[in-house]
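Here is how names work: the chains are called A, B, and so on, in the same order as the sequence lines, proteins then strands, and each is numbered from 1.
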Number of protein chains: 2
Amino acid sequence: MSLYLRFLEEFEGAGLTTVSSDELAARGGTTSAQVRKDLSFFGSFGKRGLGYQVSELTQNMRRILGLERDWRVIIVGVGKIGAALAQYEGFQQRGFHVIGLYDSDPAKIGREIYHLPVRAIESLAEDNRARPVDIAVIAVPASAAQRVVDQVVASGISGIMSFAPIQLHVPSDVTLNTVNMAMELERLSYALSNRE
Amino acid sequence: MSLYLRFLEEFEGAGLTTVSSDELAARGGTTSAQVRKDLSFFGSFGKRGLGYQVSELTQNMRRILGLERDWRVIIVGVGKIGAALAQYEGFQQRGFHVIGLYDSDPAKIGREIYHLPVRAIESLAEDNRARPVDIAVIAVPASAAQRVVDQVVASGISGIMSFAPIQLHVPSDVTLNTVNMAMELERLSYALSNRE
DNA sequence: TCTATCTTGTGAATGAATTCACAAGCCGCG
DNA sequence: CGCGGCTTGTGAATTCATTCACAAGATAGA
């Protein structure tokens, strides 16, 4: 789904005004039937004989993906990865606004990183009441991750994006998405080892 | 597959010497039949009535995933993300050794980051002949990514791990794995928007 | 040795996802 | 207005993945 949006933006950038399922399929390395099935799950966006209006479909995809609104994001763990994420423009561009940084290291608390003060994780619950957070990005070491996630959940935040290389457990009303770089490397290792 | 290895290491750490497909399934939130099917694809590692020998299965998984050997890795693009990856211990721990850093910014070339000199991307082909590289990690802006990938491929490197938020194209004899954080955020956005 | 109890490995059955194939609709042109 | 050329949307057919269910070992204890 995200992929289709990406392709649509490409096509839009190229000045195309309409696009067919065939073109989208070719771009994504799939079949036109697949594209139509995927899209039709959410509604009927195309015109027979013509294809899809790029601008209209783009807008619909944005709405479906929840990208029309802004999301308030905090980053927990201001190590190298957390700091890198804090200043990653890609976030802001798509409406993900970093409004807070948290850490447990007393040496870091109080310092400013990219115009945002680093706060103690203990103040998260209170901060969240004052200014609710939509998504917490977890960028702490594996050994601390589950504890931090528990604190985040206890603070009332219900969207979590984790970069910790372990499987985390959250209540069913909390949405968790994990990017596990260790596993991605292993996937590559497997692919490289097993090509004839 | 990677997941199983992770669980096995947990069980090993807990001192267990054998494990059943049921236990692995419980740990991973799947079914025992699924676990057995997955494993049996690669061979017959268990003993009926007993289960799997943890150490033996761990070793087999490592072999299957190609983790018994060391991998020589370079990082192309020493921005915030590239620098963060360069010093990420998780890489070294699993046998992924960062042996070189590359960038196109003259201000960065020649500087040392975590004991490794940053070199010009132009010297990559030559360096690779002197000391072959297994995997190139791409951590450059989206706008430069395809060009950099082409250079990497032209240098003779055939394993690529990309963090650029775009779809890259490589010849079929090159293995590419992409971690697209923009898409992961969108996935989370979608999940958050569409829960009742 | 024989029996009771486990747990694997794997065909068979079920369920899910993809692909096929085509009627229904839209546009442009004569 | 009617016809021909396109492309969507969607049931039907097919392929792929998961789950079921059980025979084939393996062990432990009597």
- Can you list the steps and then say if A/Gln34 with A/Asp38 is a side chain to side chain contact (heavy atoms under 4.5 Å, CB included)? CA-CA 6 Å; A/Gln34 184 69 62; A/Asp38 288 349; 3.1 Å; yes
- Rounded to the nearest 0.5 Å, what separation is found between the NZ atom of A/Lys80 and the CG atom of B/Leu85?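 Rounded to the nearest 0.5 Å, the NZ-CG separation comes out at 12.0 Å.
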Minimum heavy-atom distance between A/Ala120 and A/Tyr102, given as atom pair plus value:
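Here A/Ala120 and A/Tyr102 meet closest at O-CD2, 3.4 Å.
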### Query
In this structure, which one of B/Asp127, B/Val73, B/Ile74 forms a side chain to side chain contact (heavy atoms under 4.5 Å, CB included) with B/Ile99?
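When side chain to side chain contact (heavy atoms under 4.5 Å, CB included) is applied between B/Ile99 and each of B/Asp127, B/Val73, B/Ile74, only B/Ile74 qualifies.
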Atom pair distance, as rounded to whole Å: [atom1] in [X] and [atom2] in [N]:
X	N	atom1	atom2	value
A/Phe42	D/dT10	CZ	P	14 Å
A/Asp38	D/dG9	CG	C1'	13 Å
B/Arg48	D/dC22	CZ	P	16 Å

Inset, instruction - Carefully, step by step, assess A/Ser162 and A/Leu176 under the rule side chain to side chain contact (heavy atoms under 4.5 Å, CB included). - result: CA-CA 7 Å; A/Ser162 165; A/Leu176 168 70; 4.2 Å; yes
Return whichever of A/Leu50 or A/Lys37 has its heavy-atom-nearest nucleotide of DNA chain D closer to the 5' end.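 Comparing both residues, the 5'-ward one is A/Leu50.
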Interface residues of residues 19-32 of chain A with DNA chain D (non-hydrogen, below 4.0 angstrom)
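DNA chain D contact set from residues 19-32 of chain A: A/Ser20, A/Ser21.
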**Message:** It should be established whether A/Tyr52 places a side-chain nitrogen or oxygen under 4.0 Å from OP1 or OP2 of nucleotide D/dG9.
**Reply:**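 Result: yes.
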| said: With a cut-off of less than 4.0 Å, is there a side-chain N or O of B/Gln34 near OP1 or OP2 of D/dT19? | reply: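 B/Gln34 to D/dT19 OP1/OP2: side-chain N or O found under 4.0 Å.
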- Residues A/Leu67, A/Leu5; criterion side chain to side chain contact (heavy atoms under 4.5 Å, CB included); working and verdict: CA-CA 11 Å; A/Leu67 297 178; A/Leu5 175 56; 3.6 Å; yes
### Query
Which angle, rounded to 10°, do you find between the first-five-pair axis and the last-five-pair axis of the helix from C/dT1-D/dA30 to C/dG30-D/dC1?
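The end-segment axes of the helix from C/dT1-D/dA30 to C/dG30-D/dC1 are tilted 0° relative to each other.
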Query raised in the report: A/Arg36 side chain: which of C/dA21, C/dT8, C/dT10 is closest?
Result: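 It is C/dA21.
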Quiz item: Judged by atom type as modelled, is there a donor-acceptor pair below 3.5 Å linking the side chain of B/Asp134 to the main-chain atoms of B/Gly159?
Solution: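 Judged by distance alone, no pair lies under 3.5 Å.
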inquiry  = When you measure from the side chain of B/Gln92 to the backbone of B/Glu89, do you find a donor-acceptor pair of N or O atoms at a distance under 3.5 Å?
reply    =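 Here the side-chain-to-backbone pair does not exist.
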